[in-house]
2 protein chains.
Amino acid sequence: MEKQTVTIYDVAREAGVSMATVSRVVNGNTNVRAETKEKVEAVIERLDYRPNAVARGLASRKSTTIGIIVPDVTNVYFSELARGIDDVAQMYNYQIILTNSDEKNNSNVFESLLGKQVEGILYMGNIIDDNLRDKIKKNNVPVVLSGSVDVEKQLPSVNIDYVSAMYEVTKHLIEHGHQKIAFVSGPLDETINTEFKFKGYQKALVEAGLDYTDDLLVSGDYNYQSGYQLGAMVHDSGATAAVVVDDEMAAGVLNYMTDQDVVTPDDFEIVTLNNSHITLLTRPQLSSVTQPIYDIGAVSMRMLTKLMNGEELDTHDMILPHGYAGRGTTK
Amino acid sequence: MEKQTVTIYDVAREAGVSMATVSRVVNGNTNVRAETKEKVEAVIERLDYRPNAVARGLASRKSTTIGIIVPDVTNVYFSELARGIDDVAQMYNYQIILTNSDEKNNSNVFESLLGKQVEGILYMGNIIDDNLRDKIKKNNVPVVLSGSVDVEKQLPSVNIDYVSAMYEVTKHLIEHGHQKIAFVSGPLDETINTEFKFKGYQKALVEAGLDYTDDLLVSGDYNYQSGYQLGAMVHDSGATAAVVVDDEMAAGVLNYMTDQDVVTPDDFEIVTLNNSHITLLTRPQLSSVTQPIYDIGAVSMRMLTKLMNGEELDTHDMILPHGYAGRGTTK
DNA sequence: TTCGCAAATGAAAACGGTTGTATAAGTTTT
DNA sequence: AAAACTTATACAACCGTTTTCATTTGCGAA
């Protein structure tokens, strides 16, 4: 980056005013005579002047930049969240620094974001270790969880009510007469699975007086292959239905069953959770809890702007409504 | 953002050296006595000092930040590119500012990225209007196209050979005896479709002496619904096979056919282009050109680092190898 | 006309670093 | 032991803004 071509100083000189005045017109300060303003704007136009956001950030101590930490953008769930975030960020003139953490280097990523002087951070992912928690506390940068839960309820967050959602769909399956319903989970070190999604599932079983046996719980990674493999275990368990926490996994389970000549939904029913467009691709199409992923992103960004403005949050843990879309994998 | 807690000045004072020296140890400059270095590092550790990247950027005129412009992260093709980019960016200690353009505000997005003093830009998308081209020229910031083509060959780029890829798969279908093969395209204002993908398809037809009629070319957006709709048109055209430029569209075509009791691959064959994991979800699974999307991202980022270092590019337009994966939608 | 006050402008000090140049401290050479 | 180099460190200018504070200007009222 060589020396910047045209600076505020050049504009000031050309317009015959001080840089302070230029700064004022650039920032829309009202205390500038209309005439002066026009003159300056003309020069800005002519010189094609563009304020240096870095210098501006240093002087004003406002970077108009936020950080977003995501396990993996490649996963549609997260990219949708990111999209929601970006859209409202652009609306508020914030720029986004995006980093993939793979849920591994969370606190390193966090640190380097701080170095960039981000004004806030949107965190996605369900593993929040003490180290990270510490750093968040020490550097009082606003952090909001987006589609991710904090068991300790310290960080503000935006989610749907996973417990209810899972409870409802499980109950739905129970009403269809199933006695053995499998729970196809993501990694069990993520509390969102153990403390929320599983809890809802379990609640429905208990309420219906159904036995829960360990072989009904299988867990893997959030992808198709993993789902396909787990399909075998589900099959072996003798379950006649499954609730699945991820659409790609669900597609895996479905296709496994199909490949074993187990007909869905006649012999086996499946409900998944994220309602991504993947649910439409399979045959039969996947019945799913519907959740406003894009909105979760958008709302969490909106919350962050409030926090960055020093405003109070009226809701610390925002719960967005979910629904249900019955498609081909349920009767 | 209130006043930064601990600055380089604090460290200098505590360590009894000048800030210049602190700066040197932070930046790994060799001209520092080992003893001094240790002393300073201890203080840094103790004070939990973290350099302010903004100030650093201003002083050094290096932001260690690059911009990436993407039509829509939500599309797996692009998120996968982005992932490749991020991984090598992290390797080189660059941070990424990500913006979704929807192929609309390209030059605005570009401008605001420049304001942030990004050291380079990775551009994804196939619409490069004169306005944007102008801005790129004026502000000599390195720009590399990632998985996107520039008909005018002005901007360095990383892609696969779309013409050959399409040619090959079309030829493959012709060899299966098809006389009427549809071309399911994305938007026709994108040169990547008209000048590359379609050309390859056409070449195969011509070579085989097959007639090309306009009803064999249908175009829509890169999503499932669009593909499903186009499926109807393809069906009407009397085609017995189709090459499709996007996996989700291909899934749409496939499912449309299936819903019309047209059996794939017996009565209809399909080949798609991106080989995303979506190809595995459908039944039958989609045969596809295979392309190293992640690598395209990674390589383009690598190219950008070279450009940012003022190095020469040995290849202006990098072509990565592609392949073919025959699955269920072809015989 | 002159005053007084609000509005418009300018001068200069930050913001937190990097970096070129000068100086001080060590090492070799002779 | 002095001269001639190296190597380590300090000083201070600079990066391009914002922002405080002081000053000037403009204008209606006295």
Side-chain angles (χ1 to χ4, degrees), chain A residues 1-41 43-44 47-65 112 114-119 139, chain B residues 1-41 43-44 47-65 112 114-119 139:
Chain A
M1 209 191 305
E2 67 278 347
K3 190 156 176 169
Q4 182 158 330
T5 34
V6 23
T7 72
I8 198 172
Y9 194 76
D10 299 321
V11 176
R13 183 169 26 72
E14 288 290 309
V17 299
S18 74
M19 43 194 293
T21 300
V22 178
S23 173
R24 288 195 190 93
V25 350
V26 168
N27 293 296
N29 190 311
T30 48
N31 284 350
V32 180
R33 197 155 31 117
E35 194 185 331
T36 314
K37 190 180 167 204
E38 276 173 33
K39 189 171 56 180
V40 172
E41 277 170 345
V43 176
I44 289 180
L47 264 46
D48 194 22
Y49 165 69
R50 185 184 313 109
N52 180 326
V54 173
R56 208 200 274 236
L58 182 58
S60 66
R61 293 186 225 53
K62 292 212 180 71
S63 61
T64 61
T65 300
S112 77
L114 287 184
K116 284 282 185 192
Q117 310 305 112
V118 297
E119 295 180 41
N139 310 276
Chain B
M1 209 189 306
E2 68 278 347
K3 190 158 176 166
Q4 183 158 329
T5 34
V6 23
T7 72
I8 198 174
Y9 194 78
D10 299 320
V11 176
R13 183 169 25 73
E14 288 289 310
V17 299
S18 76
M19 43 192 295
T21 301
V22 178
S23 173
R24 288 194 193 92
V25 352
V26 168
N27 293 297
N29 190 309
T30 47
N31 284 350
V32 181
R33 198 159 25 125
E35 195 185 330
T36 315
K37 190 179 168 205
E38 276 173 35
K39 190 171 56 178
V40 172
E41 277 171 346
V43 175
I44 289 180
L47 263 46
D48 194 21
Y49 166 70
R50 183 184 315 110
N52 179 327
V54 173
R56 212 203 278 233
L58 182 59
S60 66
R61 293 189 224 56
K62 291 211 181 72
S63 61
T64 61
T65 301
S112 77
L114 287 184
K116 284 280 185 193
Q117 311 304 112
V118 295
E119 294 180 42
N139 311 276

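Residue numbers begin at 1 in each chain, while the letters A, B, ... track the order of the sequences.
For DNA chain D, none of the residues of residues 32-41 of chain A falls under the heavy-atom distance limit of 4.0 Å.
Side-chain nitrogen and oxygen atoms of Arg56(A) include none within less than 4.0 Å of the OP1 or OP2 phosphate oxygen of dG16(D). Remark: Thr21(A) is not in phosphate contact with dT9(C), judged by side-chain N or O atoms under 4.0 Å from OP1 or OP2. Contact annotation: Ser18(B) side-chain N/O to dA10(D) OP1/OP2 distance is under 4.0 Å. Under 4.0 angstrom from either OP1 or OP2 of dG17(C) there lies at least one side-chain N or O belonging to Tyr49(B).
Asn27(B) places its CG atom 9 Å from the C1' atom of dG17(C), with the value rounded to the nearest Å. Look at CD1 on Ile8(A): it is 11 Å from P on dT19(D), rounded to the nearest Å. Look at NZ on Lys62(B): it is 10 Å from C1' on dT18(C), rounded to the nearest Å. Distance CD (Gln117(A)) to C1' (dG16(C)): 9 Å, rounded to an integer number of Å. The CZ atom of Arg24(B) sits 8 Å away from the P atom of dT9(D) (whole-angstrom rounding). Asn29(A) has its CG atom 11 Å from the P atom of dT20(D), to the nearest Å.
Considering only the side chain of Leu58(A), dG16(D) comes nearest among dG17(C), dG16(D), dT19(C). The side chain of Val17(A) lies closest to dG10(C) when the candidates are dG17(C), dG10(C), dT18(D). Of all nucleotides listed (dT19(D), dA8(C), dA10(D)), dA8(C) comes nearest to the side chain of Asn31(A).
Residue-environment remark: NZ (Lys37(A)) stays at or below the threshold of 12 foreign heavy atoms within 6.0 Å.
The nearest heavy atom of DNA chain C to Met19(A) and to Ala59(A) marks one nucleotide each, and the one closer to the 5' end goes with Met19(A). When each of Gly16(B) and Tyr9(A) is assigned the nucleotide of DNA chain D bearing its nearest heavy atom, the one mapping closer to the 5' terminus is Gly16(B).
In this structure, Gly115(B) reaches neither bases nor backbone, as no heavy-atom distance under 4.0 Å exists between it and the strands shown. Ser23(B) comes within 4.0 angstrom of a base, heavy atoms only.
No donor-acceptor contact under 3.5 Å links the side chain of Arg61(B) to the base of dG16(D).
Annotation: side chain of Asn52(A) is in contact with side chain of Gln117(B) (closest heavy-atom distance under 4.5 Å).
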